Asker: 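For reference, the structure I am asking about is given below.
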Amino acid sequence: MMNFLFIMPEIIITTSMSVILLIDLFLKKKNKIISYYLIQFTLLFLIFFLIRNFEQITSLNHQDFSTDIFSIVFKTILLSGLIIIFYYSYNFLRYFKVYKTEYFLICLFGLLGMMIITSAQDLLILYLGIELLSLSLYSIIAYNKDSAFSSEAAIKYYVLGAIASGFLLFGISLIYGLTGTISLNEVFQFIYDSGSRDAVQNVGYIFALTFIIVSLGFKFGAAPFHMWIPDVYHGSLLPTTLLLSSLPKIAVFIIFIKLLLQAFIGLFHFWADMILILALISIVIGNIIAIVQTNFKRMLAYSTIANIGFILIGISLGTQESFTAATFYTLSYVIMSMAIFGILTFITINGKAVEEISDLSGLNENHPWQAFLILLTMLSLAGIPPLIGFHAKLFLIQVLVNSSYFIIALFAVIMTVIGAYYYLRVIKVIYFDKVSTKINLIISSLIVSINTLLLLYLGLFPYNLVNLSKFLMSGFFST
Amino acid sequence: MSTELLIFIFFSLLLVFSALKVIIVNNSVKAAIFLVLSFFCSAVLWLLMNAEFLSIILILVYVGAVMVLFLFVVMMLDINLSNIKEKFVNYLPLGLFIFLVIALLLILFFDNQFSDVDRNIVTEINILNDNNTMNLGYLLFTEYIIAFEIAGIILLLGIISSITLTQQKNNDNKYQAPHDQINVTKSDRLKIIKDEEFRK
């Protein structure tokens, strides 16, 4: 009898998805809330399950599907993030009468893909996890069928995403051809044993790595491959944007760790420069183009690109400190983007969802608390102490200075200052402009307040999150 | 020269020819049929490598199912490709440049990276002492079971999302409602108006 405990969370989630799908068919329209609660209960149960069986699961050792502390901690983070996202999304979708249980089920498939990514020890399983995640994202982007923007964004993302997946698969097949294995550890061992550091002898690896990095850059939204991000953020519903800007970023970051750190660390000299170029272009394009945006979601899309550039800088240095800083940056960015999009899902402008920045003008007059929450997230994104965004940028720049990349550090600081402009403009619109629209709140903002105040709390006491990031990365550098 | 090599040369040349034709030919239906031909040729190449299961799957799935559907779609759409063709010459130098760079890299790549090209990985994997199909099935359900199941879940997601996206009811869609149509009464359809003016 085989022990299935190592894949039990995935089995539980697949089973409950199928069961909820069936139950939902027989529910009346006004009782659909039952399936929403069932989904939330499943996620809570999974977190409970993971924590309860932590010792037992982490002691298992399966060669294709790792259940080490790294993957379990990330799974817990993803699950708890999704619970909050579902809470925001449910209220929004219910209010605008576009709620369907299938929306959440498709998101759960995406979660399953992300969980597979965190556990994958094998290029094939990693690829399938990425496909599961992307396919679910394509469908929820196209979900808003009434908007032509949404369909355009979905088609664009789908076609480009399919090409990117093809590139990834081509790169993986070349790696398989060169090393004869698809297991990450064996690929690492093969490269380590072959030993040569000559570019001509490694041309095959460089060729394969280029394809893999192009595809990952696309999935992450790094600069030369960023064209889909603004359209998709703009076109899709706010809950979709909320989901898209948060959890998949963690997942893609994990893919970067798995591929570059676990498998191809022997080829560090070849991929470091590629990633660094992507990072610098992302920071420039994200920060400069965001200045001229008037649409709130588009502006946040370009800010995402800039933030991804910062994460990629951390990846490109390839040391333990830099990866710790990148992990810290990713986690804090996810909390920030959940907070800002979470606030936006609660606000309606003349009965519609928030679109333009000017929609929010004079928010302070009628809803001072919500205005204060937006102020906090914007200051955090701009990197102003004592909020968490400041520490995230500080650690990264500290690592850059420690590795004596002074020019890049200076460049990052200048770009941060340029980026502060468009974040502060939102604050100006909220606090100093005249009221021009009728702004309503969908429901009370208790959870989103907690989410936003977390930015302040973690900014004042960042050491828990720092220690977590250090702990997560330590496993990859111990040998 | 052995027969195997002759067959290989014939079908690989045909494959390259038909693949080129797919992008060159003006008529999109013809392009789709050339794509079928190129699938067929690659199936023969698979067969030469003793991978009979993969070659039959290629013909059954791609030629039999996917391309037929694709042909239906192509025949129903009315696409005028002449607009795209006009810019072909403008992009030709850039395209040729990229083609040459990638071709050079590939030549360099295959020249010194693969040391043992004569290995046939398909015949090497022989666990059950049986044909390729048996081995493949055995491997899929033992070593690669997790990947196999995930592929199944991806298909389930495909079904669910396509149904969700197409089943949303649009208000401007016209569809029949038999129940309402049968249960109409006389007063629903016919309205009797008393016209006082007419009587006078």
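First the proteins, then the strands, lettered A, B, ... as listed; each starts at 1. Given the structure is predicted, the values throughout are model-derived calculations rather than measurements.
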Asker: Any chance CZ of A:Phe65 has more than 12 other-residue heavy atoms, nucleotides or ligands included, within less than 6.0 Å?
Answerer: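 Atom CZ in A:Phe65 is crowded, with more than 12 foreign heavy atoms closer than 6.0 Å.
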
Asker: Tell me every residue that passes ring-ring contact (aromatic ring centres under 6.0 Å, His included) with A:Phe170, counting only those two or more places apart in sequence or in another chain.
Answerer: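 In terms of ring-ring contact (aromatic ring centres under 6.0 Å, His included), with neighbours along the sequence ignored, A:Phe170 is linked to A:Phe211.
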
Asker: Say you draw a straight line from OG1 of B:Thr164 to CD1 of A:Ile140; how long is it, rounded to the nearest 0.5 Å?
Answerer: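 Reported value, rounded in 0.5 Å steps: 11.5 Å.
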
Asker: Considering heavy atoms only, which positions within residues 125-136 of chain A lie below 4.5 Å of chain B?
Answerer: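 Residues A:Ile125, A:Leu128, A:Glu131, A:Leu132, A:Leu135, A:Ser136 are the ones that qualify, each having a heavy atom under 4.5 Å from chain B.
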
Asker: Hey, what do you get for CD1 (B:Ile146) to CD1 (A:Ile7), rounding to the nearest 0.5 Å?
Answerer: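 Interatomic distance, B:Ile146 CD1 to A:Ile7 CD1, rounded to 0.5 Å: 4.5 Å.
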
Asker: Check residues 40-49 of chain B and write down every donor-acceptor pair under 3.5 Å in which the side-chain atom is one partner and the other belongs to a residue at least two apart or another chain.
Answerer:
| residue | atom | partner | partner atom | Å |
| --- | --- | --- | --- | --- |
| B:Ser42 | OG | B:Ser38 | O | 2.8 |
| B:Ser42 | OG | B:Phe39 | O | 3.0 |

Asker: Might you confirm whether atom NZ of B:Lys30 has over 12 heavy atoms from other residues, nucleotides or ligands at distances under 6.0 Å?
Answerer: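 No, not enclosed.
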
Asker: Output the distance between atom CG (B:Leu156) and atom CZ (A:Phe109), rounded to the nearest 0.5 Å.
Answerer: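 Answer rounded to 0.5 Å: 4.0 Å.
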
Asker: Going from CG on B:Leu165 to CD1 on A:Ile106, what distance comes out if it is rounded to the nearest 0.5 angstrom?
Answerer: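 The CD1 atom of A:Ile106 is 6.5 Å from CG of B:Leu165, to the nearest 0.5 Å.
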
Asker: Would you compute the distance between atom CD1 of B:Ile153 and atom CE of A:Met17 and round it to the nearest 0.5 angstrom?
Answerer: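 Interatomic distance, B:Ile153 CD1 to A:Met17 CE, rounded to 0.5 Å: 6.5 Å.
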
Asker: Sort by residue number and list every member of residues 111-119 of chain A having a non-hydrogen atom under 4.5 Å from chain B.
Answerer: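 A:Leu112, A:Ile116 fall under the 4.5 Å cut-off.
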
Asker: Counting only heavy atoms closer than 4.5 Å, note whether B:Glu143 contacts chain A via side chain, backbone, both or neither.
Answerer: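 Answer is backbone: N, CA, C or O of B:Glu143 sit under 4.5 Å from chain A.
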
Asker: Does CZ in A:Phe167 sit with more than 12 non-hydrogen atoms of other residues, nucleotides or ligands closer than 6.0 Å?
Answerer: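 12 or below, so no.
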
